[in-house]
There are 2 protein chains.
Amino acid sequence: MKIDDAAARLEALGNRTRLQIYRALVRAGRSGTPVGRLQDKLKIPASTLSHHIKSLVAVGLVSQVRESTTLVCHANYDSMQGLVDFLVSECCVDEAECKDAKTAA
Amino acid sequence: MKIDDAAARLEALGNRTRLQIYRALVRAGRSGTPVGRLQDKLKIPASTLSHHIKSLVAVGLVSQVRESTTLVCHANYDSMQGLVDFLVSECCVDEAECKDAKTAA
DNA sequence: ACGGTATTTCTAGAATATTGGAAATATGGA
DNA sequence: TCCATATTTCCAATATTCTAGAAATACCGT
């Protein structure tokens with residue numbers, strides 16, 4: 001993963017409202033959650049919610065599938081995993097002796 | 001971890017420059033990196049760099065130790081680990097059947 | 001085609017973040 | 001004490017993000 005992609009994903013998650021949305025989707029698992037249900041749960045105006053979801057989709061952390069009139073959102077686990085891997089990768093490569101740090105990470 | 005703390009850490013990492021700084025520190029491992037060396041490596045004006053480091057320190061992702069005239073920065077692995085745990089925790093708790101998702105996460 | 005529900009796009013004001021020069025502060029050595 | 005190096009704080013300009021009302025669009029059932 002390129003650093004700009006990682007930064008974009010982290011930035012997307014680095015907002016209370018968007019992190020709430022993302023966590024709700026993670027908790028929902030495979031079945032996902034429709035936009036309207038997120039709106040009820042989180043009490044966010046529709047346009048604001050739509051903007052936030054859009055940015056999560058834009059960076060690949062969330063995907064959407066239309067089911068007739070409702071749009072169901074899903075957390076994209078692979079995307080998150082890639083991000084986590086990026087964060088801990090190359091730990092200590094610029095340092096010779098860091099066994100403790102490596103096991104900690 | 002509270003959601004606001006997690007969001008604050010993610011926001012701190014969600015900026016290209018700060019992510020570069022953080023990654024340089026992760027790569028440096030236990031020995032850490034002085035502020036001045038980061039400045040040379042990343043070619044960032046001192047004041048800008050200082051601002052960014054300050055925000056990483058503020059959220060606990062980075063710690064600093066003074067060694068005579070230089071300030072050495074370290075990536076705080078525990079802090080990162082807590083963040084990663086938060087992100088994947090409670091996966092699927094609102095969904096009955098999601099074994100695939102759970103193993104993927 | 002029409003009506004209703006779901007959701008997005010348009011728009012714009014307010015709030016916040018980013019940047020970096022200049023001045024201030026910290027540290028240790030001569 | 002005085003200097004040199006390291007780093008931060010102050011300040012202000014610029015850029016970006018956040019928010020949400022209103023209008024527009026999408027979809028389906030009738």
Side-chain angles (χ1 to χ4, degrees), chain A residues 3-25 28 31-76, chain B residues 3-25 28 31-76:
Chain A
I3 192 167
D4 288 308
D5 294 334
R9 288 185 193 175
L10 290 162
E11 183 185 18
L13 293 174
N15 169 277
R16 190 199 152 86
T17 302
R18 280 193 300 272
L19 188 54
Q20 281 182 317
I21 294 168
Y22 185 77
R23 266 179 77 75
L25 296 178
S31 54
T33 308
V35 173
R37 198 139 115 73
L38 287 172
Q39 192 183 342
D40 292 342
K41 264 193 175 177
L42 306 177
K43 313 289 184 195
I44 309 170
S47 65
T48 302
L49 178 62
S50 183
H51 283 308
H52 285 307
I53 293 176
K54 191 159 112 176
S55 38
L56 288 168
V57 170
V59 299
L61 283 165
V62 167
S63 55
Q64 291 177 307
V65 175
R66 181 169 282 282
E67 288 187 11
S68 79
T69 59
T70 68
L71 252 188
V72 181
C73 305
H74 301 263
N76 184 338
Chain B
I3 192 167
D4 288 306
D5 294 332
R9 287 185 194 175
L10 289 162
E11 183 185 18
L13 292 174
N15 169 278
R16 191 200 151 83
T17 302
R18 281 193 299 272
L19 189 53
Q20 282 182 316
I21 294 168
Y22 185 77
R23 267 181 76 76
L25 295 178
S31 54
T33 309
V35 173
R37 198 139 114 71
L38 287 171
Q39 192 183 342
D40 292 342
K41 262 193 176 178
L42 305 175
K43 314 289 183 193
I44 308 169
S47 65
T48 302
L49 178 63
S50 183
H51 286 308
H52 285 307
I53 293 176
K54 190 160 113 179
S55 39
L56 287 168
V57 170
V59 299
L61 283 166
V62 167
S63 56
Q64 292 178 304
V65 174
R66 182 169 281 281
E67 287 186 12
S68 77
T69 60
T70 69
L71 251 187
V72 181
C73 306
H74 302 263
N76 183 338

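Keep in mind the model is a prediction, meaning the values are calculated, not measured. Order of the sequence lines sets the chain letters (A, B, ...), proteins ahead of strands, with each chain counted from 1. Reckoned from all heavy atoms, side chains included, excluding hydrogens, waters and symmetry mates.
Taking both residues in full, the closest heavy atoms of Val72(A) and Ser31(A) are given as CG1-O, 3.7 Å, listed atom of the first, atom of the second, then distance. Scanning both residues, Thr33(B) and Ala24(B), for their nearest heavy atoms gives OG1-O, 4.3 Å. Closest non-hydrogen pair, Leu61(B) versus Tyr22(B), comes out as O-CE1, 3.6 Å.
In terms of the side chain to side chain contact (heavy atoms under 4.5 Å, CB included) criterion, residue partners of Arg66(B) (sequence neighbours excluded) are, by chain and number, Leu71(B). Checked against salt bridge (Lys or Arg N to Asp or Glu O under 4.0 Å), Arg16(A) has the following partners two or more places apart in sequence or in another chain: Asp4(B). For Ala6(A), the side chain to side chain contact (heavy atoms under 4.5 Å, CB included) criterion is met by Met1(A), Leu83(A), Phe86(A), Leu19(B), not counting sequence neighbours.
Side-chain contact check for Val35(B) versus Gln64(B): some heavy-atom pair is nearer than 4.5 Å.
Atom-to-atom distance recorded for Leu38(A):CG and Thr17(A):OG1 is 12.0 Å, nearest 0.5 angstrom. One distance of note links CG of Leu56(B) with OG of Ser63(B); it measures 11.0 Å at 0.5 Å rounding. In this structure, the separation between CD on Glu11(B) and CG on Asn15(A) is 7.5 Å, given to the nearest 0.5 Å. Taken to the nearest 0.5 Å, the CG atom of Leu13(A) stands 11.0 Å off from the CZ atom of Arg23(A). To the nearest 0.5 Å, atom CG of residue Leu25(B) and atom CG of residue Asn76(B) are 11.0 Å apart.
If you take CD of Glu11(B) and P of dT16(D), they are 16 Å apart, rounded to a whole angstrom.
Extent of DNA chain C lying under 4.0 Å from chain B heavy atoms, first and last nucleotide in 5' to 3' order, is dA17(C) to dG28(C).
Inter-axis angle, ends of the helix from dA1(C)-dT30(D) to dA30(C)-dT1(D), five pairs per end, rounded to 10 degrees: 30°.
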Atom pairs and distances, donor-acceptor, side-chain atoms in residues 43-55 of chain B, under 3.5 Å, two or more places apart:
| residue | atom | partner | partner atom | Å |
| --- | --- | --- | --- | --- |
| Lys43(B) | NZ | Asp40(B) | O | 3.3 |
| His52(B) | ND1 | Arg18(B) | NH1 | 3.0 |
| Ser55(B) | OG | His51(B) | O | 3.4 |
| Ser55(B) | OG | His52(B) | O | 2.9 |

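Between Gln39(B) and dT8(D) there is no side-chain N or O to OP1 or OP2 distance below 4.0 Å. For dT17(D), the OP1/OP2 oxygens have no side-chain nitrogen or oxygen of Arg18(A) closer than 4.0 Å. Side-chain N/O atoms of Lys54(B) include one lying less than 4.0 angstrom from OP1 or OP2 on dT9(D).
In the region residues 41-53 of chain B, proximity to DNA chain D at under 4.0 angstrom, judged on heavy atoms, holds for Ala46(B), Ser47(B), Ser50(B), His51(B).
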Are any protein N/O atoms closer than 3.5 Å to N/O atoms in nucleotides 25-30 of chain D? If there are, list each pair with its distance.
none

